[in-house]
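Below is one structure, written out as structure tokens; the observations come after it.
In what follows, chains carry the letters A, B, and so on, assigned in the order in which the sequence lines appear, proteins first and then strands, with residues in each chain numbered from 1.
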Amino acid sequence: MLLLFIIVPLAVAALMPLLARIWKGLPDVLGMVTMAFTLGLGLYHIRMVAAGHRYFWDTGSLGLPLKLSLAMDGFSLLLLLIISLISLFACIYSVNYMEHYGAKGSYYALFMLMVAGMNGLVLTTDLFNMYVFLEVAAVASYALVAFGQKHDEVEAAFKYLMLSVVATTGILLAMSFVYLMTGTFGITDLAYAVKTGMNAQLIGLCLALFLMGFGLKSAMVPFHAWLPDAHPSAPAPISAMLSGVLIKVSGIYALVRVVYNIFGLPPQVSSALMVLGVLSMVIGAVVALGQNDYKRMLAYSSISQIGYIVVGLAIGSPLGIMGALFHLFNHATFKSLLFLNAGATEYATGTRDLTKLGGVNNKLPVTGFTNTIGTFSIAGVPPFNGFWSKLIIIVALVEANYIGVAAIAVATSIITLWYFLQMQRQAFFGKLAAGLEKVREVPFYMALATICLAALCLLGGLFYPWITANLIQPGVTSLSNAIGVNSFINLGQ
Amino acid sequence: MVVTYFIFVGLLFFIGLYCLLTSRNLIKLLIGLEIMAKSAVLSFIVAGWARGENFVSQSVVITFIVIEVSIVAVALALVINVYKNTGNLDIRSLAKLKG
Amino acid sequence: MDLLNLILLLMLAGFALMAVFLKDLLKAAISLAFMSSLLAVLLYRLDSPFAAVFELSVVAGLITVLFVSVIALTKEEETAKEARWPAYVFPLALVVFGLIDIKVMQSLFATTPQGFGNPEASFGATLWGVRSLDILGQIAVIFGGVFGVLALLREKPLTAKQKEDAIIAKDGGKEKLW
């Protein structure tokens with residue numbers, strides 16, 4: 001029942017404002033239960049998509065007049081698990097954190113809608129439908145970014161909305177061109193129809209529009225202007241969701257589906273992605289170095305890490321894809337952990353300005369400890385999970401003869417370690433800064449969420465063979481097959 | 001000729017984008033956005049019409065129009081919030097955050 | 001090429017320009033509404049009556065109402081002066097883009113394939129039977145819009161200081177409310 005992934009969060013979202021009136025605690029409980037349910041459902045499907053099979057689900061067999069066809073392969077399942085996992089912890093965290101924002105009913109309703117949209121985007125088999133669910137998630141996220149209604153938040157949300165709509169209009173135009181030439185929106189049909197029905201220039205134009213659109217959604221470097229505003233301004237659990245999940249689902253996932261499954265990764269796109277990836281990796285890291293705002297630094301670091309993922313995908317070899325997908329999973333865990341920690345620090349001390357923070361490690365033992373784990377993970381220190389995925393990407397780069405890019409990736413990793421250690425030193429270690437004497441540790445649920453995510457970072461590093469074999473490998477197989485099947489598109493020289 | 005329609009699709013997209021890039025008033029920005037949306041609507045309908053298969057293209061456009069309304073509603077709510085916070089609708093008062 | 005359709009397209013572009021360059025926001029919004037209505041006529045002439053109805057009622061009607069009410073709410077005349085240069089640069093930009101546009105579109109869409117006609121019996125069957133997931137998405141996106149607007153237009157949460165002030169004011173501080 002793949003439809004449950006979409007219907008359940010949607011139904012909960014629709015009922016949330018009513019249910020919130022019955023009992024004040026109900027939205028919290030419902031949010032957690034819903035996310036735990038989708039997580040369980042995702043885990044239940046692991047065996048079905050093993051070894052890269054696609055699992056179809058269609059109402060056609062039920063004899064209904066509606067045609068709801070969904071499909072799941074290893075890649076979709078990986079994204080579904082990431083979505084449910086991170087949203088579950090974000091929900092747990094929100095119990096305390098969103099208290100002072102008010103209107104929890106609306107908050108959870110929008111949160112659930114965002115999740116429903118992302119789940120739909122991941123499961124659908126239709127190109128236009130992908131756009132529809134992308135907008136569902138996007139509309140909810142605009143409102144969530146501006147949820148606090150303060151100047152920064154509203155401004156960031158407005159910019160985010162404007163740039164997103166430009167991106168999606170470009171995507172829509174490309175879709176209409178594709179439809180004109182092929183007469184279908186189904187992704188598998190398109191893969192065949194595109195080869196026979198479209199000339200090379202039109203394919204080039206459509207690919208450029210898709211790259212621009214999804215590149216903006218995933219904040220690759222020339223299109224990244226909205227992210228360092230939008231992600232820090234949002235409430236912390238939403239920052240974690242946006243940076244950890246949304247840019248990957250509506251950016252990377254959609255891009256990969258289009259570029260791999262429809263167009264079969266033409267070499268020109270591969271090199272374009274490589275350039276975008278390297279740019280994002282380097283520029284994101286270098287700009288992150290100079291940031292004083294903790295969350296802003298994390299936002300730039302997201303751009304940099306997205307660069308790693310894109311580089312891995314651009315190689316197109318099974319090892320590169322594996323590194324990219326594993327890094328996708330890992331980045332979701334440690335970046336949401338770090339954003340939640342940034343929120344916890346702000347919650348406890350009232351500021352996220354690194355120059356005003358200092359020595360809060362003793363005052364905030366849990367936050368400090370989990371933050372250290374997050375730092376080590378993102379910087380790629382063994383045995384945490386970030387190390388393995390970066391290692392795989394770098395090995396894949398060397399294997400594909402991109403020695404220069406591999407060197408850049410290593411250097412970026414060192415810069416990452418540097419700015420994160422600098423942050424640790426400024427904020428958590430050293431002498432206690434003035435005015436922070438009365439700081440107390442954050443409430444229970446916030447601490448619980450960060451501890452769980454930190455444990456996930458550590459376990460992901462220790463049991464990486466199990467994760468790569470059971471969660472990543474099916475996705476790698478299905479994407480490699482997609483390239484193999486579709487790769488004979490010739491864009492001209 | 002189908003080409004003429006697509007030339008106008010491109011033109012409308014350009015006019016909308018130009019408005020988006022140069023205007024200072026937030027509502028003007030939304031108007032630019034609407035013009036771009038219209039180019040997408042026209043593009044889909046012309047595609048369906050040129051193929052002689054107009055059902056799917058119309059369903060798609062109807063879905064898109066619903067989405068457009070939701071986006072515009074949220075965007076206008078944001079504009080009202082900006083107005084409450086700053087007292088005007090000038091994009092230059094939205095310069096606290098820098099890319 | 002139908003001459004009337006060409007005229008409609010030209011008027012569409014003309015109203016778009018008016019919507020962009022008119023100083024008065026209300027007039028700009030109304031130009032946009034006219035543009036939508038003309039687009040609706042054009043869609044009708046391109047064998048798409050259902051989409052035309054939506055364009056006319058929802059975009060020309062509802063969105064214009066939304067725009068006008070926000071313009072009225074924000075009383076915008078005195079602030080946010082537009083810069084002059086965009087209007088002067090525009091013709092040049094338009095010519096450059098137009099030439100590229102014509103060239104590119106002619107090379108891309110010189111021949112377009114003909115489909116095999118609609119496989120389904122009716123428009124309703126297509127909308128509900130083939131694009132069912134889009135309908136689900138529409139429901140979700142409408143919820144998103146509604147909850148988004150509700151959340152954004154709710155009473156602003158008070159900051160700690162404002163709360164203190166309110167309590168002082170209420171508990172007979174220096175200023176009494178009544």
**C/F34, CZ: over 12 other non-hydrogen atoms inside 6.0 angstrom** = no

- [ ] Kindly determine whether A/L3 and C/L136 satisfy side chain to side chain contact (heavy atoms under 4.5 Å, CB included), including the steps that lead there.
- [x] CA-CA 11 Å; A/L3 195 61; C/L136 189 66; 4.2 Å; yes

Looking only at A/Y131, A/F128, A/Y142, the option with the highest number of non-hydrogen pairs under 4.5 Å against chain C is A/F128

When rounded to the nearest 0.5 Å, the distance separating CZ of A/F147 from CZ of C/R154 is 4.0 Å

**Study point:** Note, C/F147 side chain near A/M112 side chain (heavy atom, < 4.5 Å)
**Key:** no

Okay, A/N129 and chain C: the region with an atom under 4.5 Å from a heavy atom over there is both

- Message: Between A/M181 and C/F109, is the side chain to side chain contact (heavy atoms under 4.5 Å, CB included) condition met? List the steps.
- Response: CA-CA 9 Å; A/M181 289 304 179; C/F109 299 105; 3.9 Å; yes

Would C/L133 and A/T125 count as a side chain to side chain contact (heavy atoms under 4.5 Å, CB included) if you check the C-alpha gap in whole Å, the side-chain angles of each, and the deciding distance to 0.1 Å? CA-CA 10 Å; C/L133 265 179; A/T125 58; 6.0 Å; no

From the list C/V141, C/V130, C/D134, the residue making the most non-hydrogen contacts under 4.5 Å with chain A is C/D134

Output for pair (C/I139 CD1, A/I6 CD1), nearest 0.5 Å, gives 11.5 Å

| message | Evaluate A/Q201 against C/V104 for side chain to side chain contact (heavy atoms under 4.5 Å, CB included), listing each step before the verdict. | response | CA-CA 9 Å; A/Q201 289 136 323; C/V104 168; over 6 Å; no

Counting heavy-atom pairs under 4.5 angstrom with chain A, the leader among C/G115, C/A151, C/G129 is C/G129

Most contact-rich option vs chain A, by heavy-atom pairs under 4.5 angstrom, among C/S107, C/P113, C/G144, is C/P113

